[in-house]
Q: 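Would you mind keeping the following structure in view while I ask a few things?
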Protein chains: 2
Amino acid sequence: MTDGVVERVRPRDRILETARDMFHKHGIRGVGIDAITEAAGTNKMTLYRHFESKDDLIIECLRATACSANAMWEKFEAENPGDKLAQLHAWVRMAADCLMSDRRGCDMANAAIELSETDHPARQVIKELKEAQRERLVSLCRDAGIGQAELLADTLSLLLEGARVSLQSVGAEGPSAQFVRMAEGLITSFRAR
Amino acid sequence: MTDGVVERVRPRDRILETARDMFHKHGIRGVGIDAITEAAGTNKMTLYRHFESKDDLIIECLRATACSANAMWEKFEAENPGDKLAQLHAWVRMAADCLMSDRRGCDMANAAIELSETDHPARQVIKELKEAQRERLVSLCRDAGIGQAELLADTLSLLLEGARVSLQSVGAEGPSAQFVRMAEGLITSFRAR
DNA sequence: CTCTAACGTTACAGACCGGTAACACCCTAG
DNA sequence: CTAGGGTGTTACCGGTCTGTAACGTTAGAG
């Protein structure tokens, strides 16, 4: 037993959580190791005992982000068991909430843009995780009885990705403000064939 | 007269062109001043005689990018004078060509993501230029006789923005491969009201 | 209590960054 | 020819970055 009442958070988890938050807010290249360790209430040596390098830390952060995303998918299923169409609408609502509550977009996409080297170790992780998300959305559309499920899923994906980017370049009053109307309109249109 | 036959390219223009190319390929934070001057066949002092700072150089690069974009709009009008619908289709083709010939997306959006500080001097420029692009597309849709012109223009904007990002995270075989079909489908759908 | 493994502290290496100073050069306008 | 502005060269400053070495400290398991 580590503690009686309060579960002490291990340095590794504090580092991971802090790094995720800071990478998200300031970008990967905009945050240094020293800043992360200080914000996490620890030090550089401890970080390098748990992570091989900054690249390794980046990858672990992206994996953690993917875990959060998977948790959301399970929430969709838990809150609308069996009702795939309701889950699709829940996906739209979740996306809109993300757009309104956060101005810094998708960690995966931001990382892909920041880490421009084609052979960067994080690129493979990003690709795998994005492809997994795509698969889930396609399956959801298909199971919701939509004909051209792949096309709808891909269109919704691009719309969300674009809205996240637009939010950062033109702000909340830009095209991203219409995301829900666009997405719902698309779903209606595809359901009508 | 600067030269008889060959117009010598001034160092300032070489720096600007080289910086644009390198910022585009490797990101803003991924390229140093030394690398730019060396690739431009000049030196650091000359750069700082023409640009106040790196931030200033970044802003000038973004303005140059905006000029290129404006040139494209004029090309649309020149090649399809008066035919706004044809110009809209030309916009889709141009966007698709960009997606296929270049894997690094939009300089404005990439810069907005990289320069996460909300008070960065480049942010205002990015916002202005993106808003100008939006205005042009809205006008084009309206002049093409489309009812909900703003909604179509914003949807197309987000689709393109998303496709450019998706290209960088999942690659050319991802959702961005369907961009033309999505865009043309949307135009058809909006024209039918 | 003792032993051990995790954690903290300090210092440092080596590289790179943006930016500046001082000076030599060359090419062209007059 | 001459003056002067644009350019090239070298060296340097102060700062920041990732990553490591050596050593001290703490806390929990047995």
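The sequence lines fix the lettering, A, B, ..., with proteins before strands; numbering per chain opens at 1.
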Q: Less than 4.0 Å between a side-chain N and a carboxylate O, is that true for Glu17(B) and Arg10(B)?
A: no
Q: Just how far, in rounded Å, is P of dG6(D) from CG of Asp13(B)?
A: 14 Å
Q: Just jot down the ring pair (Phe, Tyr, Trp, His ring centres under 6.0 Å) partners of Phe190(A), sequence neighbours excluded, or say none.
A: none
Q: Go along nucleotides 9-24 of chain C 5' to 3' and tag each nucleotide: B for a protein heavy atom under 4.0 Å from its base, S when only backbone or sugar atoms are that close, - otherwise.
A: B--------BBBBB--
Q: Could you pull out the closest heavy-atom pair between Leu167(A) and Ala172(A), with the gap in Å?
A: CD1-CA, 3.6 Å
Q: Look at Glu150(A) together with Arg142(A) and state whether they make a salt bridge at an N to O cut-off of under 4.0 Å.
A: yes
Q: Measure CZ/Arg10(A) against C1'/dA5(C) and give the value in whole Å, please.
A: 10 Å
Q: Using a strict cut-off of less than 4.0 Å between a Lys/Arg side-chain nitrogen and an Asp/Glu carboxylate oxygen, indicate whether Arg134(A) and Glu173(B) qualify as a salt bridge.
A: no
Q: In whole Å, I'd like the distance from the CG atom of Leu47(A) to the P atom of dA6(C).
A: 16 Å
Q: Just wondering, are more than 12 heavy atoms of other shown residues or ligands nearer than 6.0 Å to CD in Glu128(A)?
A: yes
Q: Report yes if at least one side-chain N or O of His50(A) is closer than 4.0 Å to OP1 or OP2 of dC7(C); otherwise report no.
A: yes
Q: Provide, to the nearest angstrom, the distance between the CG atom belonging to Leu57(A) and the C1' atom belonging to dG19(D).
A: 13 Å
